[in-house]
Amino acid sequence: MKAIGVLTSGGDAPGMNAAIRAVVRSAIYYGYKVYGIEKGYKGLLDEEIVEMDLSSVGDIIQRGGTILKSSRSEEFKTEQGREKAVEILEKYGIENLVVIGGDGSFHGANLLSKLGVSTIGIPGTIDNDLAYTDYTIGFDTAVNTILDAISKIRDTSSSHDRVNIVEVMGRNCGDLALYAGLAGGAESIVVPEIEIKTEEIVKRFRTTQKRGKKHSIIVLAEGATGIKGGARELKDALAEEDNADVRITVLGHVQRGGAPSSADRVLASKLGNKAVELIIEGKSARAVGVKDNKVIEMDIEEALSLKKEFDEEIYEMAKVLSI
Ligand code: ADP
């Protein structure tokens, strides 16, 4: 019986469990044996491999995190490490490997495919930083988590006429800040892709104050380059303004957790199932994703070579709506 291996790698994301479930259930349905590889490529090299049956993925569709656990592996980045990985996979008869993770994990999967293992990548990261797919698994849940926090902050911010700076994740990609900021009605959204200086935010603050807005929410992506000193610099500059009582909330790892949203569960289910379909078709080194609401697949190397484009139209619209 042919075997499929599945692992989660890199930063975890809500919905990874739903993807694991979809891979395991689809694979067993089509007559494959399935192995779960724990702790990503590290667990592969340490041979932390367990066979998975239908019930091993029962009761996990609603759970955040990943039951297979995730980690990072320096050893796997070396040629010798990857050769060792291939030997271990061969030992278990694992000819196909499904990798759920971000771009780093996809790079690893691509290199492994060149050593003869057929690999399929499923995008699992809250950052939404993979260009070939409209959405990655975990992004929608993370946006909703941030939105929930913004709404709560907005209540207290409004009671006290405060300015609140909410720092969100997103080192190179501003999608989390953009979507949560838009949905949360933030007065300013600061992203890595568009350089804004502190003075500009202060100016914007003055304009909205003049218009009578007493409180204000600024969503700041952690990787915003225009403001070198981050939330602190912004806070200090705004605190100079009349009547400005400024607070910072750094959301941190709460953004990574929580029960996956329905959108993430549906996306994970579709992509997990598609990955197994591609294996049945004998395909390798492919990345699955979603474009214009349709499930797509693409060469993994090509997928990695595409440059993520920031949606400036939505960004400009958010600005218009927050005057
Ligand atoms: P993510 O997949 O979320 O982007 P990382 O970038 O940390 O997370 O990648 C996860 C793991 O994938 C790394 O620890 C490493 O084992 C493997 N990996 C990342 N980049 C490469 C690469 N260029 N070559 C081989 N393996 C890689």
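Counting starts at 1 for both ligands and their atoms, in listed order. Numbers for residues simply follow the sequence, beginning at 1.
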[X] neighbourhood, listing ligand 1 atoms whose heavy-atom distance to it stays under 4.0 Å:
| X | value |
| --- | --- |
| Leu111 | 24 (N), 25 (C) |
| Gly102 | 1 (P), 2 (O), 3 (O), 4 (O) |
| Ser9 | 10 (C), 11 (C), 12 (O) |
| Arg72 | 5 (P), 7 (O), 8 (O), 14 (O) |
| Gly11 | 3 (O) |

Whether over 12 other heavy atoms sit under 6.0 Å from [X] [atom1]:
| X | atom1 | value |
| --- | --- | --- |
| Lys203 | NZ | no |
| Lys42 | NZ | no |
| Glu281 | CD | yes |

Closest to [atom] (judged by heavy-atom distance), picking from [options]:
| atom | options | answer |
| --- | --- | --- |
| atom 19 (C) of ligand 1 | Gly121, Gly104, Gly108 | Gly104 |
| atom 4 (O) of ligand 1 | Thr8, Asp12, Asp103 | Asp103 |
| atom 2 (O) of ligand 1 | Gly10, Ser105, Ser73, Ala13 | Ser105 |

Taking 4.0 angstrom as the limit, do Lys308 and Asp175 come out as a salt bridge? yes
Lys213/Glu187 salt bridge by N-O under 4.0 Å criterion: yes
Test of proximity, His107 against ligand 1: N or O pairs below 3.5 Å: no
Counting both backbone and side chain atoms, is some N or O of Ser71 under 3.5 Å from an N or O of ligand 1? no
Measure the shortest side-chain to side-chain distance between Val290 and Ile296 over non-hydrogen atoms and say whether it is less than 4.5 angstrom. no
Given side chains that start at C-beta, do those of Asp245 and Asp161 come closer than 4.5 Å, heavy atoms only? no
Look at the rings of Phe106 and Tyr132 and say which category their plane angle falls in: under 30° parallel, 30 to 60° tilted, over 60° perpendicular. tilted
Is Arg82 in contact with ligand 1, taking contact as a heavy-atom separation below 4.0 Å? yes
Please state whether Thr125 comes within less than 4.0 angstrom of ligand 1, counting heavy atoms only. no
